[in-house]
Amino acid sequence: MTPNILEVAQLEFRYGSEPILSKIGFSILPGDFVALIGGNGAGKSTLFRLLLGELTPSKGTIRLFGQDIRQFRNWPSIGYVPQNGFASKANFPATVEEIVQANLFSQIGLFHFPQKADKEQTKEALQQVGMENYAKHLIGNLSGGQQQRVMLARVIVNKPKLMILDEPGTGVDTKTLKTLYEFLAKLNRETGLTIVMATHDIERISVYSSRTLSLERGTLVELDSQQSTGTDATIFRPFVPKGLQWKQERKESYGDFCV
Amino acid sequence: MAIFAYEFMHRAFIVGVLLAIIIPCIGIIVVLKRLSMMGDALSHTALAGVAGGLIMGINPILGAIAACILAALGIELIRKKIPRYAEMSIAIIMSAGVGLAGVLSGFVKNPASFNSFLFGSIVAISDFELTLVICISGIVLGSFLLLYKELFFITFDENSARLAGIPVKTINFIFTVLTAITVSIASRTVGALIVSSLMVVPVACAMQFGKSYKQTILFSIGFAVLFTVSGLFLSFYAGVKPGGTIVLLGVIFLLVILTMKKIISKNL
């Protein structure tokens with residue numbers, strides 16, 4: 001039996017004595033496209049930092065690919081797209097090619113240099129996001145939307161099994177965002193890549209995602225099933241975003257693939 | 001040429017060019033990590049090591065290397081404890097270094113040898129120092145080339161590098177030690193008060209032209225060699241101090257580049 005990509009149980013996290021997340025519990029299955037919604041300060045980024053091993057839970061367990069996070073070492077199988085992407089790297093003197101190729105470095109190994117095959121893999125990833133003609137451009141000379149595509153190429157070059165995106169819509173226009181969602185949906189559908197994405201854009205993302213989790217006041221609720229995904233003391237807040245209704249309507253009209 | 005008739009100038013050119021190659025390799029990482037003041041903090045702490053070495057009767061460069069390594073590790077430790085105010089770690093270590101150097105310098109019997117570290121003395125290099133510079137340059141350049149891609153990844157995005165499986169902690173530790181020994185050896189030659197300029201100015205010039213990371217490094221080295229060689233020539237013929245001349249040439253060159261770029265962009 002294929003293990004769940006991600007299993008979180010009874011997860012709690014505190015900064016000092018202040019509770020940030022409480023009794024979080026959910027599972028992500030292979031091939032899921034999960035939208036994680038919630039207001040500013042709801043704890044989305046904190047939850048991601050816990051899932052990426054950057055923070056240690058105060059209580060509870062996290063299992064990645066069936067393995068406890070404390071023993072988990074296969075980090076290259078997880079692709080992470082941080083919030084604001086390259087915003088702080090605007091003046092970094094590196095080309096698109098150099099940046100995307102960097103994610104292959106752990107595969108290439110210490111004291112070894114990239115070979116022809118690595119360069120081909122980089123080119124392929126750039127082709128997938130339509131940025132192959134920008135390989136030699138400096139990252140700071142690209143638009144926000146182009147930088148975002150480079151960010152995706154950088155993650156997919158490693159052929160991850162799970163992709164985590166933290167509010168990729170920050171600082172990009174509606175058209176770019178729609179293209180991004182369509183690209184992610186296609187990737188999810190064609191390659192079976194599991195995606196977990198934090199976003200404020202409830203209406204649009206619910207059209208593309210297969211599940212929607214809502215994080216409010218440090219507690220997680222699954223919206224599609226209208227059930228709390230946590231255990232014990234989770235607070236269910238009856239909240240169905242407009243997008244879910246649109247999704248249902250589109251599903252009725254076009255079938256399962258509404259992209 | 002008269003300048004090459006002197007043995008001490010041969011040594012000065014060898015040491016100068018070697019340092020001009022390794023300092024920008026360290027400098028580019030330091031600048032891109034936004035820790036430009038790190039060189040200053042380390043070189044000031046190196047002075048405490050120099051004073052300590054002179055008091056204890058050991059080679060002051062070895063004292064400087066030991067003090068610099070401790071300071072660099074201290075910066076890294078404090079940076080980890082207060083990641084949101086990383087630059088504060090540099091200020092803390094720099095204050096401690098200056099304070100310690102100030103106190104210890106009062107116990108140094110021969111102030112002239114201590115003062116030679118403030119502005120350096122590239123034209124008064126001993127056999128031991130020449131050997132040390134050659135060995136350290138080999139170690140720093142070799143390590144930089146071997147860890148080239150990992151250092152790039154960590155500098156660009158430390159978190160993603162860790163996720164991708166890069167041994168971030170080990171490489172950061174190695175880089176910290178490399179920085180410390182480079183700054184210590186450069187303090188003796190170009191001077192503790194100006195070593196950080198040599199770390200930053202060639203990189204700042206190169207960033208105006210570089211079209212990739214690799215190109216920026218090569219330009220940084222090129223500029224550092226240019227400033228060092230022309231600084232040595234100028235100091236020899238004009239009879240001025242070489243360390244300060246090298247750095248001043250670099251700063252003037254950077255100002256010219258920035259002004260020209262502004263004029264060109266206005267006319268476009």
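Convention: sequence-line order gives letters A, B, ...; per-chain numbering from 1. Just so it is clear, the model here is predicted, and its values are computed rather than measured.
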What pairs of donor and acceptor atoms, side-chain ones from residues 124-142 of chain A against any protein atom, are under 3.5 angstrom apart with sequence neighbours left out?
unit_1   : atom_1 : unit_2   : atom_2 : d
A:Tyr134 : OH     : A:Gln146 : NE2    : 3.2
A:Lys136 : NZ     : A:Glu97  : OE1    : 2.7

Got a second to check how far [X]'s [atom1] is from [Y]'s [atom2], nearest 0.5 Å?
{"X": "B:Ile29", "Y": "B:Met38", "atom1": "CD1", "atom2": "CE", "result": "11.5 Å"}
{"X": "B:Ile65", "Y": "B:Ile185", "atom1": "CD1", "atom2": "CD1", "result": "5.5 Å"}
{"X": "A:Gln147", "Y": "A:Ile99", "atom1": "CD", "atom2": "CD1", "result": "8.5 Å"}
{"X": "B:Ile136", "Y": "B:Ile181", "atom1": "CD1", "atom2": "CD1", "result": "5.0 Å"}
{"X": "A:Leu193", "Y": "A:Ile156", "atom1": "CG", "atom2": "CD1", "result": "9.0 Å"}

Any side-chain donor paired with an acceptor under 3.5 Å for A:Asp118 and A:Gln107?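 Per modelled atom types, A:Asp118 and A:Gln107 side chains form no pair under 3.5 Å.
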Chain B neighbours within residues 64-80 of chain A, where any heavy atom lies under 4.5 Å away: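 A:Trp75, A:Pro76, A:Tyr80 fall under the 4.5 Å cut-off.
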Between [options], who has the most heavy-atom pairs with chain A when the cutoff is under 4.5 Å?
{"options": "B:Arg162, B:Met207, B:Gln215", "result": "B:Arg162"}
{"options": "B:Leu147, B:Ile28, B:Thr155, B:Val31", "result": "B:Thr155"}
{"options": "B:Tyr213, B:Phe156, B:Phe153", "result": "B:Phe156"}

Any residues in residues 242-261 of chain B near chain A, with a heavy-atom distance under 4.5 Å, and which are they?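 Result: none.
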Most heavy-atom pairs under 4.5 angstrom with chain B, which of A:Pro93, A:Ala102, A:Ser106, A:Gly53? A:Pro93
Sort B:Leu145 into side chain, backbone, both or neither according to what part of it lies under 4.5 angstrom from a heavy atom of chain A.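 Answer is backbone: N, CA, C or O of B:Leu145 sit under 4.5 Å from chain A.
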Counting only non-hydrogen atoms closer than 4.5 Å, does B:Thr216 touch chain A with its backbone (N, CA, C, O), its side chain (CB onward), both, or neither? side chain
So which atom in [X] and which in [Y] form the shortest heavy-atom distance, rounded to 0.1 Å?
{"X": "A:Leu50", "Y": "A:Pro57", "value": "CD2-N, 3.5 Å"}
{"X": "B:Ala164", "Y": "A:Asn103", "value": "CB-O, 4.5 Å"}
{"X": "A:Gly31", "Y": "A:Thr194", "value": "N-OG1, 2.9 Å"}
{"X": "B:Thr228", "Y": "B:Ala20", "value": "OG1-CB, 3.6 Å"}

Please report, to 0.1 Å, the donor-acceptor pairs under 3.5 Å made by any side chain of residues 39-49 of chain A, with sequence neighbours excluded.
unit_1  : atom_1 : unit_2   : atom_2 : d
A:Asn40 : OD1    : A:His200 : NE2    : 3.0
A:Lys44 : NZ     : A:Gly38  : O      : 2.7
A:Lys44 : NZ     : A:Gly39  : O      : 3.2
A:Lys44 : NZ     : A:Glu167 : OE2    : 3.2
A:Ser45 : OG     : A:Asp166 : OD2    : 2.8
A:Arg49 : NE     : A:Glu54  : OE1    : 3.1

Is it the side chain or the backbone of A:Leu104 that comes within 4.5 Å of chain B heavy atoms, both, or neither? neither
Keeping A:Gln121 on the side-chain end and A:Val157 on the backbone end, is there a donor-acceptor pair under 3.5 Å?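 Such a contact is found between A:Gln121 side chain and A:Val157 backbone.
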